[in-house]
Protein chains: 2
Amino acid sequence: MTTIYVITPTYARATQKADLIRLSQTLQHITDVHWIVVEDANATSKLVTNVLKRSKLLYTQLSIRTPAFLLRQKKEPKWKKPRGVAQRNRALLWLRENIQLKKSNGVVYFADDDNTYDKDLFNKFRNTKRVSVWPVGLVGGLRFEGPRCNNGKITGWRVVFDPNRPFPFDMAGFAINLELILENYQAHFSSSVAPGYLESSLLSSLVQDKTQLETITPNCREILVWHTTTARAHLNREPYVKAAKTLEDDKVEV
Amino acid sequence: MTTIYVITPTYARATQKADLIRLSQTLQHITDVHWIVVEDANATSKLVTNVLKRSKLLYTQLSIRTPAFLLRQKKEPKWKKPRGVAQRNRALLWLRENIQLKKSNGVVYFADDDNTYDKDLFNKFRNTKRVSVWPVGLVGGLRFEGPRCNNGKITGWRVVFDPNRPFPFDMAGFAINLELILENYQAHFSSSVAPGYLESSLLSSLVQDKTQLETITPNCREILVWHTTTARAHLNREPYVKAAKTLEDDKVEV
């Protein structure tokens, strides 16, 4: 069986544990998954370790802090600074240092912690030969964004934002054969590219153009992943509970 | 084994399918679940039917439209009009019409479609004798809100908003023994109560005060459910894809 390496960048915020618990429970439906979780932090955290341990999944916990020049400045719009670049690259490095070429079959997938994944997606992309692609729901200002195809050949893209990008699709919309990652040891996400070119920066080192991409369903029209976002939690009343707060309250992991 | 009747009110919006898929995949980890999904609509929808069928769960699909006087007016704040009241009451009616008293053991839980549930929660409340309660994460402006307890006896509440409510806790923080619902055939959520009193309006008909409530963990301090919210999806670029849009695009269920 081919192992699916699921790479998840994550960072500390109020909803982090909830999001990771939810993703872990989706992954628990999949066989032969190796979950690589990379924290945006100087060191790994107990909170994330607890989620990983309780998941009973095969996992690797890593951490790397986003370098200062890549942090979003105040008032800078979200799309200016892509998130998770250093973390995803850290996971690629881990694969290259720990998995031996030709000794194991694998496919690599980048799964953010607050997206929504239909469990059927994973087995559909498990047999990816090079790079496979599929549509993603609720992304790019569209109901769905992704490949148009005919008899398994990709003919174009349903996309509005910059359709001339080499690979105009979302992080959640492709999987890569592990060998391709290990053979092309220099391939990585570039942090200096224009907005929307992050996926292209990695894939341009792995495949030449859309003729080398594979589909996972006959018509490329089944939505099995959605780019959902968890709204920020407002903890504005926490100061008011202080009077009645016990010491134990601070120890409760949320 | 006791059946858990999970009651989920839902309504049409861009993220509905993603949210329902995610909840269905959590429930798939639980044995003896009967999922009652109630749509805020005049008739049941194919989209929801598809999610229910694919879930392989035992389910009941219902629909009832929120009456006009309960709809939130433009510019009216969210907390003014509680959501899902008619839908949850519709599910209670279904239970009373379809499940025979004394013939089956059950426990009833209200689970919104975008909250986050740790799968361990369900087996912890399965043996509820009357009404059991536990803390909920990320609600009421707090890291967590819920009972304080000592040796399984509830001593008070960690809550800031109106702590004098009869039952000052969130919809996700309690479960009810099925018999109690069936015996008290008039018990229901009242749509005319002040904000924050919805839970109390039902529970006041079922239990007298906090001495009749049960705990599900020794110290009431394990967070197994979070009041998360899925951010609204922005589909503002959909009009721009019109030119290139095929007829099939409209048929794609997202």
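To find a chain, count down the sequence lines: A is the first, B the second, and so on, and within it residues start at 1. Heavy atoms only: backbone and side chains are in, while hydrogens, waters and symmetry mates are out.
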Contact origin within A:Glu253 toward chain B - heavy atom pairs under 4.5 Å: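 Only the backbone of A:Glu253 comes within 4.5 Å of chain B.
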
Look only at the side chain of B:Arg143 and the backbone of A:Val252, and say whether a donor-acceptor pair between them is shorter than 3.5 Å.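 Checking the backbone N and O of A:Val252 against the side chain of B:Arg143, a donor-acceptor pair under 3.5 Å is found.
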
When you measure from the side chain of B:Gln25 to the backbone of A:Gln25, do you find a donor-acceptor pair of N or O atoms at a distance under 3.5 Å?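 It does not hold such a pair.
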
Closest-packed option against chain A by number of heavy-atom pairs under 4.5 Å, given [options]:
options	result
B:Arg54, B:His29, B:Lys251	B:His29
B:Asp19, B:Val159, B:Asp120	B:Asp120
B:Asn219, B:Thr26, B:Thr15, B:Leu138	B:Leu138

If contact means a heavy atom pair closer than 4.5 Å, which residues of residues 108-119 of chain B contact chain A?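 B:Asp114, B:Asn115, B:Thr116, B:Tyr117, B:Asp118, B:Lys119, listed by number.
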
Residues from residues 228-236 of chain B approaching chain A under 4.5 Å (heavy atoms):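 Interface residues of residues 228-236 of chain B: B:Thr228, B:Thr229, B:Thr230, B:Ala231, B:Ala233, B:His234, B:Leu235, B:Asn236.
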
Is any side-chain heavy atom of B:Trp226 less than 4.5 Å from a side-chain heavy atom of A:Lys17?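 Of all side-chain heavy-atom pairs linking A:Lys17 with B:Trp226, at least one is under 4.5 Å.
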
To the nearest 0.5 Å, what is the distance between CD (B:Gln28) and CD (A:Gln28)?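 Between B:Gln28 CD and A:Gln28 CD, I get 12.5 Å after rounding to 0.5 Å.
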
Salt bridge (charged side-chain N to carboxylate O under 4.0 Å, His left out) involving B:Arg83 - partner list, sequence neighbours excluded: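 Expected list: none.
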
Chain B contacts, top residue of A:Val254, A:Leu224, A:Ile223, A:Val160 (heavy-atom pairs, under 4.5 Å):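 Sorted descending by pairs with chain B, the first entry is A:Val254.
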
Max heavy-atom pair count under 4.5 Å with chain B, selected residue of A:Ala14, A:Ser24, A:Gly137, A:Gly156: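 The option with the most such pairs is A:Ala14.
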
Can you sort out the partners of A:Tyr59 under side chain to side chain donor-acceptor pair (under 3.5 Å), two or more places apart, ordered by chain and number?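 For A:Tyr59 there are no side chain to side chain donor-acceptor pair (under 3.5 Å) partners, ignoring immediate neighbours.
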
Heavy-atom cut-off 4.5 Å, strictly under: side chain, backbone, both or neither for B:Ile21 against chain A?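 B:Ile21 touches chain A through side-chain heavy atoms alone.
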
Does the pair B:Arg221 and A:Asp249 meet the rule for a salt bridge (charged side-chain N to carboxylate O under 4.0 Å, His left out), with working shown? CA-CA 8 Å; B:Arg221 281 296 173 265; A:Asp249 278 7; 3.6 Å; yes

